[in-house]
Amino acid sequence: MSGKYEAVIGLEVHAQLQTLSKLFCGDSTTFGAEPNTHVSAITLGHPGTLPKTNKLAIEYAIKMGIACNCEIELHNYFARKNYFYPDLPKGYQISQHTTPICKNGYITITTSVEEKNILLNRIHLEEDAGKSIHDIYEDATCVDLNRAGTPLIEIVTEPCLQNSDEAYQYLTELRKLVRWIEICDGNMEEGSLRCDANISIRLKGEKKLGTRVEVKNLNSIRNVKKAIDFEIERMINVVESGGTITQQTKSFDTATDTTFAIRDKEEANDYRYFADPDLAPFHLTENFIQQIQSSLPALPQQLIKSLQEKYLLSEYDAKQLCDDKVTVNYFFATASENKNYKAIANWLIGPIKQYLNDEGTSFENIFLQPKILAALIQIIDEGKINFSVAATKLLPVLMKENIEPLVLAESLNLIQVSNVADIDIWVNEVITAMPDKVAEYKKGKKGLIGLFVGEVKKRSKGKADPKLVTTLLEEKLK
Ligand code: ADP
Ligand code: MG
């Protein structure tokens with residue numbers, strides 16, 4: 001970014017709550033069903049129907065609020081937001097208006113430069129609209145109303161992000177959090193998580209916000225980043241060449257990585273909000289909120305701390321393990337069987353993660369039992385097998401078959417040789433076979449020790465205990 005300007009970004013994220021039924025009726029929320037098969041008269045808002053609020057959706061919204069350090073509003077009501085659009089069957093959307101269920105709060109992110117709290121303005125509940133589909137017929141648009149009425153929370157930040165990197169980290173954290181507390185599957189491709197990015201620029205030092213552009217319905221974190229970068233550069237060019245920014249609503253074109261205007265935005269839309277007369281206001285008790293709070297799992301930020309303090313892991317390891325709840329739970333399960341916490345972290349972040357990636361799967365589907373991993377680490381620590389043989393020869397088998405690692409190592413003839421007499425023979429062979437190198441070593445080229453160790457390793461077919469080999473070699477070459 002050119003030095004004179006700074007960017008200001010505020011993000012609105014819609015997250016579909018993973019309840020089985022819709023926000024105000026029993027229609028299923030299943031993704032991918034035959035179009036217009038989960039559409040009752042209530043979803044269509046036919047006269048005489050009455051909506052009824054889904055309690056679980058309210059609980060989920062409160063969960064997110066607690067996880068984001070928000071204040072929870074006790075006295076709530078739903079309003080009708082009136083507008084016309086083909087995917088909005090009732091002609092209005094039921095949403096919270098003046099009293100969002102959660103206020104303020106923040107999500108902590110770590111960028112390459114700092115740790116920062118991204119401030120939230122609010123989290124409110126609302127229902128989703130249906131979907132217009134433009135690519136089935138050339139001359140017609142289809143409407144699928146299955147999604148209409150699905151519960152959403154909208155998570156709105158203050159205009160406090162400064163660049164696309166912060167936006168990227170924020171969305172990564174947010175997605176991790178909704179999955180962690182199991183309120184949304186976080187799947188951006190399927191639209192369970194959608195982001196609108198509001199972007200403006202201003203001169204550095206200026207307090208007033210600049211005119212903003214809103215890029216709607218971004219469906220991947222990478223596209224959010226690209227859209228922000230594109231807009232910032234475009235806006236700077238406009239201002240630098242003497243133009244003014246117009247307030248616009250835009251879309252992102254994934255084919256060209258650019259944005260295009262879908263409408264110029266008037267100052268404020270008139271949605272004629274009013275309290276929905278068919279829905280009674282809902283009041284929460286402190287006790288109800290307390291119960292939800294105690295049902296929450298430990299959150300990533302807490303676990304990252306505890307992994308460092310109680311398990312003495314590095315910040316890096318702790319964060320890697322807390323990438324998702326399944327991985328960190330796997331760590332804890334293994335740690336209850338084996339106290340070598342650092343080794344467990346290394347296995348999970350290293351060879352096991354690699355193996356799962358290569359197989360195109362994840363910890364959710366891991367076959368290896370924590371007990372077996374604990375036993376594997378134990379036989380390494382006992383010197384029965386070395387790490388690299390364990391990682392390359394045993395792990396691929398253990399990821400598919402339930403065998404005691406020691407039994408497997410024995411059956412594959414991989415048990416490490418740790419008795420001096422056996423190793424002595426290989427060491428002597430190597431020393432006799434390489435007289436020139438030995439002479440160089442004795443003259444001071446100590447780096448050659450690696451070569452000798454490697455030779456012994458070869459002769460032992462990887463089974464000689466490398467520590468013992470090094471000690472013996474060093475003694476004999478003194
Ligand atoms: P709307 O509902 O019309 O989109 P809001 O006032 O709720 O408007 O703001 C939506 C988002 O836009 C918020 O995240 C807010 O922080 C952000 N925002 C508002 N003004 C600006 C601005 N000038 N530049 C960048 N972001 C902004
Ligand atoms: Mg908006």
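It should be emphasised that the depicted structure is a prediction, and the values quoted were computed from it without experimental measurement. First listed ligand is number 1; within each ligand, the first listed atom is number 1.
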Counting each atom of ligand 1 from 1 as listed, which ones have a heavy atom of [X] under 4.0 Å away?
X: Val156; result: 13 (C), 14 (O)
X: Arg122; result: 7 (O)
X: Thr157; result: 13 (C), 14 (O), 15 (C), 16 (O)
X: Gly210; result: 23 (N)
X: Pro159; result: 16 (O), 26 (N), 27 (C)

Exercise. Can the positive tip of Lys90 be found less than 6.0 Å from the middle of the six-membered ring of Tyr92, inside 45° of the ring normal?
Worked result: yes
Problem set entry | Any N/O pair Thr211/ligand 1 closer than 3.5 Å | no
Exercise. Any nitrogen or oxygen of Leu209, main chain or side chain, under 3.5 Å from a nitrogen or oxygen of ligand 1?
Worked result: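 No: no nitrogen or oxygen of Leu209 is under 3.5 Å from one in ligand 1.
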Problem set entry | Selected option - heavy-atom contact closest to atom 17 (C) of ligand 1, from Asn121, Ile155, Asn198 | Asn198
Seminar exercise, completed: The option among Glu158, Arg212, Glu12 carrying the non-hydrogen atom nearest to atom 8 (O) of ligand 1 is Arg212
Exercise. For ligand 1, is there an atom lying under 4.0 Å from some heavy atom of Arg202?
Worked result: no
Whether [Y] and [X] form a salt bridge (side-chain N of Lys/Arg under 4.0 Å from carboxylate O of Asp/Glu) is what I want to check.
X: Glu309; Y: Lys305; result: no
X: Lys250; Y: Glu214; result: no
X: Glu240; Y: Lys4; result: yes

Exercise. When the ring planes of His97 and Tyr273 are compared, do they come out parallel, tilted or perpendicular, using 30° and 60° as the limits?
Worked result: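 His97 and Tyr273: parallel rings.
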Exercise. If we ignore angles and hydrogens, is there a donor and acceptor under 3.5 Å between the side chains of Asp27 and Thr43?
Worked result: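 Present: a donor and an acceptor within the cut-off.
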Exercise. Have Thr111 and Asp165 got a donor and an acceptor in their side chains that come within less than 3.5 Å?
Worked result: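 No donor-acceptor contact under 3.5 Å links the two side chains.
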